[in-house]
Amino acid sequence: MADLANREQAFWDGHARRDPLWAILSDPSKAGRRWALRDFLETGRREVSLLMYQLRALNIGVSRKAALDFGCGVGRLSQPLARYFDRVVGVDISPEMIRLADEINQHPARVRYLCNGRDDLAVLPTSDFTFMYSNVVLQHIEPAATLRYLRELFRVVAPGGILVFQLPSHRRPPEAQLQVARLMAHAAYRASVRVEDDVPEEAAPGAEIVLAVSVTNISAHAWSQEDAGPIRVGNHWLAGRGDEMLIQDDGRVSLPDNLPPGETCRLALKINVPPEPGEYQLECDVVHEGLSWFADKGSNTWRGRVQVAGSASLPPLSAADELALNESALSLSDDSSLEEVGALPMYGVHRDMVETLVRQNGSRVVHLETDERCGKEWVGYRYFVRKDD
């Protein structure tokens with residue numbers, strides 16, 4: 001097992017020296033060190049904001065004492081977790097990732113990073129954390145090692161604590177696979193989105209609303225779903241100031257199979273008002289499913305304000321955090337002499353085996369949701385688990 005850990009450490013250290021941000025978030029358009037650090041860190045801030053909102057909406061109480069970021073990389077998630085927890089620890093197998101994480105750590109009083117080159121987590125005390133989060137990490141670890149790490153993660157989380165992790169389960173049979181998305185030309189991701197009817201300025205929590213949305217292809221490229229995969233219009237909910245994403249995935253409706261340049265389609269988009277009172281911004285955008293929202297490619301979105309009775313409860317981005325996002329920088333290795341490291345592997349652990357492991361470790365799944373981060377070839381899940389008191 002030690003040999004496997006050594007090989008894994010060498011593999012991820014190689015990726016950390018060559019292209020660390022892409023190794024963590026493997027957007028095809030960002031390969032070759034094309035991630036801007038500020039944009040990369042902002043994805044973590046948005047993800048954690050969404051996660052904390054979802055936990056509240058699911059009525060999953062979380063003690064804010066201590067959080068563990070397993071497979072932390074350069075700290076994309078552990079940095080924003082520091083806004084919600086008194087203490088955060090990020091652990092990663094790569095010394096180079098940990099070096100970079102320490103370099104851009106904006107909260108050294110509350111966040112520390114540990115390099116763990118072992119196939120266990122003996123570096124961490126038992127029952128030391130009230131929350132554990134891991135995303136797009138376990139999918140790259142061989143199944144036997146994943147099961148060992150999961151047992152260790154249950155050990156280090158205190159009774160009553162929460163674990164949230166994402167993991168592929170099994171391959172989807174070819175005949176059952178949905179259409180696989182294929183990246184379009186960058187210039188094709190240009191849309192004009194409008195809501196044609198007035199959106200109510202006030203709405204009851206959890207209410208269902210149907211929007212009349214028009215979408216115009218303002219690019220020079222046809223949007224062919226036969227060629228590119230599913231293209232839909234959807235909506236987000238943001239906090240009142242518009243700087244905190246609360247619900248990224250709400251309603252969805254498919255565009256026509258082919259929308260030529262300059263053509264407009266009109267669709268009925270069914271959405272759900274957030275369950276918590278507050279002032280929100282409703283945002284509508286086009287999404288190339290499994291690949292990207294059009295806004296992430298530079299396209300404009302539509303926004304409108306909706307009052308659900310009170311003020312938004314998530315903390316806004318502080319001036320210090322905003323400054324940190326602007327000033328952060330990484331001292332990367334010179335990649336001109338670095339050799340290719342190899343493609344990122346993908347593994348799964350069947351849901352039945354995961355749920356058995358959860359029960360064996362005195363815990364229970366309190367929420368389960370489908371996860372498609374591994375592509376249409378895989379059936380995957382995100383597990384919300386509470387460790388029994």
Would Phe70 end up clustered with Leu357 when hydrophobic side chains under 4.5 Å apart are linked, directly or stepwise?
yes
Have Arg76 and Thr43 got a donor and an acceptor in their side chains that come within less than 3.5 Å?
yes
Is the backbone of Ala82 close enough, under 3.5 Å, to the side chain of His107 for a donor and an acceptor to pair up by distance?
no
Salt bridge or not for Arg172 and Glu377, using N-O below 4.0 Å?
no
Would you find a donor on one side and an acceptor on the other, under 3.5 Å apart, between the side chain of Lys387 and the backbone of Val157?
yes
To the nearest 0.5 Å, tell me how far Glu202 CD sits from Arg305 CZ.
14.0 Å
Name all pairs fulfilling the ring pair (Phe, Tyr, Trp, His ring centres under 6.0 Å) condition that reach into residues 247-266, sequence neighbours left out, sorted by first residue then second.
none
What I'd like to find out is whether the side chain of Trp223 reaches to under 4.5 Å of the side chain of Pro261, using heavy atoms alone.
no
Leu330 reachable from Ile24 in the ILVMFWY side-chain graph, under 4.5 Å edges:
yes
Full working for side-chain contact (heavy atoms from CB on, under 4.5 Å) between Ile231 and Glu289
CA-CA 6 Å; Ile231 301 174; Glu289 296 287 7; over 6 Å; no
Does Asp249, at its CG atom, have more than 12 non-hydrogen atoms belonging to other residues, nucleotides or ligands within less than 6.0 Å?
yes
Smallest separation among heavy atoms of Ser78 and Val111, with atom names:
O-CG2, 4.0 Å
Going only through I, L, V, M, F, W and Y residues with side-chain contacts under 4.5 Å, is there a path from Ile209 to Leu269?
yes
Is a salt bridge present between Arg64 and Asp86, judged by a nitrogen-to-oxygen distance below 4.0 Å?
no
Do Glu244 and Arg45 meet the salt-bridge criterion of a basic N to acidic O distance under 4.0 Å?
yes
Let's go through Ser219 and Asn217 carefully: what are the C-alpha distance in whole Å and the side-chain angles of both, what is the deciding distance for side chain to side chain donor-acceptor pair (under 3.5 Å) to 0.1 Å, and is it a yes or a no?
CA-CA 6 Å; Ser219 79; Asn217 180 353; 2.7 Å; yes
Does NZ or CZ of Lys30 come closer than 6.0 Å to the centre of the six-membered ring of Trp35, within 45° of the ring's axis?
yes
I'd like to know if the side chain of Ser363 pairs up with that of Asn361 as donor and acceptor (distance under 3.5 Å, no hydrogens or angles considered).
no
Name the orientation class of the two ring planes belonging to Trp12 and His15 (parallel below 30°, tilted from 30 to 60°, perpendicular beyond 60°).
tilted
Any donor-acceptor N/O pair, Asp285 side chain to Ala295 backbone, under 3.5 Å
yes
Side-chain contact, heavy-atom cut-off 4.5 Å: Val74 with Leu21?
yes
What I want to check is whether the side chains of Ser299 and Arg190 have a donor and an acceptor closer together than 3.5 Å.
no
Judged by atom type as modelled, is there a donor-acceptor pair below 3.5 Å linking the side chain of Gln225 to the main-chain atoms of Leu255?
yes
With a 4.5 Å limit on heavy-atom distance, are the side chains of Ile247 and Asn235 in contact?
no
Closest heavy-atom contact between Phe294 and Ala191?
CD2-CB, 3.9 Å
Ignoring hydrogens and geometry beyond distance, is a side-chain donor-acceptor pair present between Asn105 and Gln79 at under 3.5 Å?
yes
Is there a donor-acceptor pair under 3.5 Å between the side chain of Arg351 and the backbone N or O of Tyr381?
no
Looking at side-chain heavy atoms only, is the closest gap between Leu68 and Phe131 below 4.5 Å?
no
Does the ring center of His288 lie less than 6.0 Å from the ring center of Tyr189?
yes
Does a salt bridge link Arg87 with Asp128, judged by any charged N lying under 4.0 Å from a carboxylate O?
yes
Could you tell me which non-hydrogen atom of Arg386 sits nearest to which non-hydrogen atom of Gly160, and how far apart they are?
NH1-O, 3.0 Å
Check for me, please, whether Val358 and Phe129 land in the same ILVMFWY cluster - side-chain distances under 4.5 Å, paths through other members count.
yes
Indicate the atoms forming the closest heavy-atom contact of Arg155 with Leu121, along with that distance.
NH2-O, 2.8 Å
One thing to verify: whether Glu103 and Arg99 come together as a salt bridge, which I'm taking to mean a side-chain N less than 4.0 angstrom from a carboxylate O.
yes
Once you measure the plane-to-plane angle for Phe165 and Phe154, does it fall in the parallel (<30°), tilted (30-60°) or perpendicular (>60°) bin?
perpendicular
Asp13 side-chain N/O to Glu96 backbone N/O, donor-acceptor pair under 3.5 Å:
yes
Determine yes or no for a side-chain-to-main-chain donor-acceptor pair under 3.5 angstrom, with Ser134 supplying the side chain and Val137 the backbone.
no
Using distance alone, with no hydrogens and no angle criterion, decide if Ser214 and Arg266 have a side-chain donor and acceptor under 3.5 Å apart.
no
So, for Tyr347 and Trp378, is the gap between ring centers shorter than 6.0 Å?
no
Do you know the tightest heavy-atom contact between Val308 and Val273?
CG2-CG1, 3.6 Å
side-chain contact (heavy atoms from CB on, under 4.5 Å) for Phe40 and Leu25? Distances and angles first, verdict last.
CA-CA 8 Å; Phe40 175 83; Leu25 279 188; 4.1 Å; yes
Assigning hydrophobic clusters by single linkage (Ile, Leu, Val, Met, Phe, Trp, Tyr; side-chain heavy-atom cutoff under 4.5 Å), is Leu51 placed with Val136?
no
So does Ile93 get a backbone contact from the side chain of Gln9, meaning a donor-acceptor N/O pair under 3.5 Å?
yes
May I ask you to check whether Tyr133 and Glu47 show a side-chain donor-acceptor distance below 3.5 Å?
yes
In terms of side-chain heavy atoms, does Thr216 have a donor or acceptor partner in Thr264 at a distance below 3.5 Å?
yes
Are the side chains of Val286 and Val193 in contact, using a 4.5 Å heavy-atom criterion?
yes
Between Gln166 and Gln139, is there a side-chain donor-acceptor contact under 3.5 Å, judged purely by atom types and distance?
yes
Main-chain N/O of Pro80 paired to Arg83 side chain as donor or acceptor, under 3.5 Å
no
Would you say the side-chain atoms of Asn116 pair up with the backbone N or O of Val91, donor to acceptor, closer than 3.5 Å?
no
Got Leu147 and Met353 here, is their nearest side-chain heavy-atom distance under 4.5 Å?
yes
Do Trp237 and Asp250 pair up side chain to side chain, a donor and an acceptor below 3.5 Å, judged on atom types alone?
yes
Ring-plane angle category for His170 and His350, please: parallel below 30°, perpendicular beyond 60°, tilted otherwise.
parallel
Cys284 and Leu211, any side-chain heavy atoms less than 4.5 Å apart
yes
If every non-hydrogen atom of His221 is compared with every non-hydrogen atom of Ala185, which pair is closest and at what distance?
CE1-CB, 3.9 Å
State, with a plain yes or no, whether a side-chain heavy atom of Leu332 is found less than 4.5 Å away from one of Leu100.
yes
Between Glu369 and Gln54, is any side-chain donor less than 3.5 angstrom from a side-chain acceptor?
yes
What I want to check is whether the side chains of Gln281 and Arg303 have a donor and an acceptor closer together than 3.5 Å.
yes
Before you tell me yes or no, could you show the steps for Val89 and Leu114 under side-chain contact (heavy atoms from CB on, under 4.5 Å), namely the whole-Å CA-CA distance, both residues' side-chain angles and the distance that decides it to 0.1 Å?
CA-CA 7 Å; Val89 174; Leu114 297 173; 4.0 Å; yes
Under the criterion side-chain contact (heavy atoms from CB on, under 4.5 Å), I'd like the reasoning laid out for Leu368 against Glu355: C-alpha separation, chi angles, the key distance, then a yes or no.
CA-CA 10 Å; Leu368 183 73; Glu355 292 184 335; 4.1 Å; yes
Euclidean distance, Ile218 CD1 relative to Glu263 CD, rounded to 0.5 Å:
14.0 Å
